[in-house]
Amino acid sequence: MDYTKIYRADMATLLGPDENVFAVVPYRLAFGAEPPPATPEEAERRLGSLPRGLRRRVADLGTHERPPGNRTLLHRVLDFDWPWDRVDVDEKIGGTAVGGAPGSIGVRFADATRDRVGQFAVVTAQRLAVAHQQAKDRFALVAEAPRADVVSAVRRGRLLQRGRVVIAFADGSAIAVNTGILLTKQAKRLVAALYP
């Protein structure tokens, strides 16, 4: 499917008449490892979509430690430093999905687009943007960055993510975008639009 032909007019009205839309491709944050939240405020913001009771339980984790002498055998076995505990399974299977410091372009893109469906990456001469489809012909901008901040875009397929593209930004951050599970056409279109 050529989403550029289908949605070019809709994106042009969203972005402005002077911007020429080069590519519109499906966008989803790729599966993979993400950096841990740096501050408690960042952790709270990431957990904000959870119900209040579950948020409270997650925040309370680790505050109710058992005294060292009153530990069961099961707790001692589970607390043992097993070699596989040091392996990040998400990293091994899916690679790194987001890299960068809190507040960087890559982290902002990831936070704005996480767990949404119906998103499209839009490339123009001025910017890289992500639009969320709210209705058949109505879109809303979710995230955007100046085109000059995009340093590179490379297709890096992984297991069930053949349409995976890694976009690096000028501030040192990066984000992995999944444009397709098995096909690479949309990924190639995104890379070509960002770096012709």
Side-chain angles (χ1 to χ4, degrees), residues 1-35 90-91 93-101 103-196:
M1 231 181 202
D2 191 352
Y3 293 101
T4 307
K5 287 182 181 176
I6 296 170
Y7 295 125
R8 177 174 271 142
D10 297 326
M11 295 302 173
T13 59
L14 177 69
L15 300 173
D18 59 334
E19 289 192 64
N20 186 16
V21 176
F22 295 144
V24 177
V25 297
Y27 175 101
R28 184 161 183 107
L29 183 63
F31 170 78
E34 295 188 31
D90 291 343
E91 171 74 34
I93 294 174
T96 302
V98 182
S104 63
I105 298 171
V107 172
R108 284 195 325 247
F109 262 75
D111 288 343
T113 61
R114 183 178 281 111
D115 300 328
R116 288 186 187 220
V117 291
Q119 296 181 115
F120 294 92
V122 183
V123 180
T124 69
Q126 291 84 8
R127 60 181 143 178
L128 166 67
V130 177
H132 178 246
Q133 187 173 20
Q134 297 175 330
K136 183 179 177 186
D137 59 348
R138 197 177 61 167
F139 292 87
L141 279 181
V142 176
E144 62 182 321
R147 181 83 179 271
D149 285 348
V150 178
V151 175
S152 68
V154 183
R155 193 178 76 74
R156 295 273 186 246
R158 300 290 286 217
L159 177 68
L160 295 178
Q161 296 184 72
R162 287 189 36 89
R164 186 173 181 267
V165 176
V166 177
I167 302 171
F169 297 101
D171 63 358
S173 63
I175 187 168
V177 175
N178 193 8
T179 62
I181 295 173
L182 299 174
L183 303 176
T184 61
K185 186 175 183 179
Q186 301 295 339
K188 290 176 183 175
R189 185 174 287 149
L190 179 61
V191 170
L194 285 169
Y195 279 93

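Only heavy atoms go into these numbers, but all of them, side chains included; no hydrogens, no water, no symmetry mates. Since the model is a prediction, treat every value here as computed from it, not as a measurement.
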Engineer: Could you tell me whether a side-chain N or O of Q186 sits under 3.5 Å from a main-chain N or O of G180, the two making a donor and an acceptor?
Structural biologist: no

Engineer: So R28 and V117, side-chain contact (heavy atoms from CB on, under 4.5 Å) or not? Walk me through it.
Structural biologist: CA-CA 7 Å; R28 184 161 183 107; V117 291; 3.2 Å; yes

Engineer: To the closest 0.5 Å, what do you measure between OG (S104) and CG (D149)?
Structural biologist: 11.0 Å

Engineer: Does T4 use its side chain to pair, donor to acceptor, with the backbone of V24 at less than 3.5 Å?
Structural biologist: yes

Engineer: Minimum heavy-atom separation for V21 to M11, with atom names?
Structural biologist: CG2-CB, 4.1 Å

Engineer: In Å, rounded to the nearest 0.5 Å, how long is the span from CG of D171 to CD1 of I105?
Structural biologist: 4.5 Å

Engineer: Would you say that more than 12 heavy atoms from the other residues, nucleotides or ligands in this model lie under 6.0 Å from the CD1 of I6, or not?
Structural biologist: yes

Engineer: Run the numbers on L15 and L141 for side-chain contact (heavy atoms from CB on, under 4.5 Å), then give the verdict.
Structural biologist: CA-CA 8 Å; L15 300 173; L141 279 181; 3.9 Å; yes

Engineer: Can you name the closest pair of heavy atoms from L14 and A131 and give their distance?
Structural biologist: CD2-CB, 4.0 Å

Engineer: Nearest 0.5 angstrom please: K188 NZ to L190 CG, how far?
Structural biologist: 13.5 Å

Engineer: Tell me which pairs pass ring-ring contact (aromatic ring centres under 6.0 Å, His included) where either residue lies in residues 138-184, with sequence neighbours left out.
Structural biologist: Y7-F139, F109-F169

Engineer: I need the R164 CZ to R155 CZ distance, nearest 0.5 Å.
Structural biologist: 11.0 Å

Engineer: Quick one: closest heavy-atom pair of A140 and Q134, and the distance?
Structural biologist: CB-NE2, 3.3 Å

Engineer: Taking R8 for the side chain and N20 for the main chain, is one N or O donor matched with an acceptor at less than 3.5 Å?
Structural biologist: no

Engineer: In Å and rounded to the nearest 0.5 Å, what is the CD1 to CZ distance from I181 to R162?
Structural biologist: 12.5 Å

Engineer: Report the C-alpha distance between V98 and V107 in whole Å, list the side-chain angles of each, state the deciding distance to 0.1 Å, and finish with yes or no for side-chain contact (heavy atoms from CB on, under 4.5 Å).
Structural biologist: CA-CA 6 Å; V98 182; V107 172; 3.9 Å; yes

Engineer: Which pair of heavy atoms, one from S173 and one from G106, lies closest together, and at what distance?
Structural biologist: OG-N, 2.9 Å

Engineer: Please list all pairs meeting side-chain hydrogen bond (donor to acceptor under 3.5 Å, both in side chains) that have one or both residues in residues 121-132, counting only residues at least two apart or in different chains.
Structural biologist: E19-T124, E19-R127, R127-E144

Engineer: Do you know the tightest heavy-atom contact between A153 and V191?
Structural biologist: O-CG1, 3.4 Å

Engineer: For the residue pair Q161 and A30, what are the closest heavy atoms and their distance?
Structural biologist: OE1-CB, 3.1 Å

Engineer: Checking side-chain contact (heavy atoms from CB on, under 4.5 Å) for the pair R138/D10: CA distance, chi angles, key distance, verdict?
Structural biologist: CA-CA 7 Å; R138 197 177 61 167; D10 297 326; over 6 Å; no

Engineer: When rounded to the nearest 0.5 angstrom, what distance separates OG1 in T179 from OH in Y3?
Structural biologist: 10.0 Å

Engineer: D2: what forms a salt bridge (Lys or Arg N to Asp or Glu O under 4.0 Å) with it, not counting sequence neighbours?
Structural biologist: R189

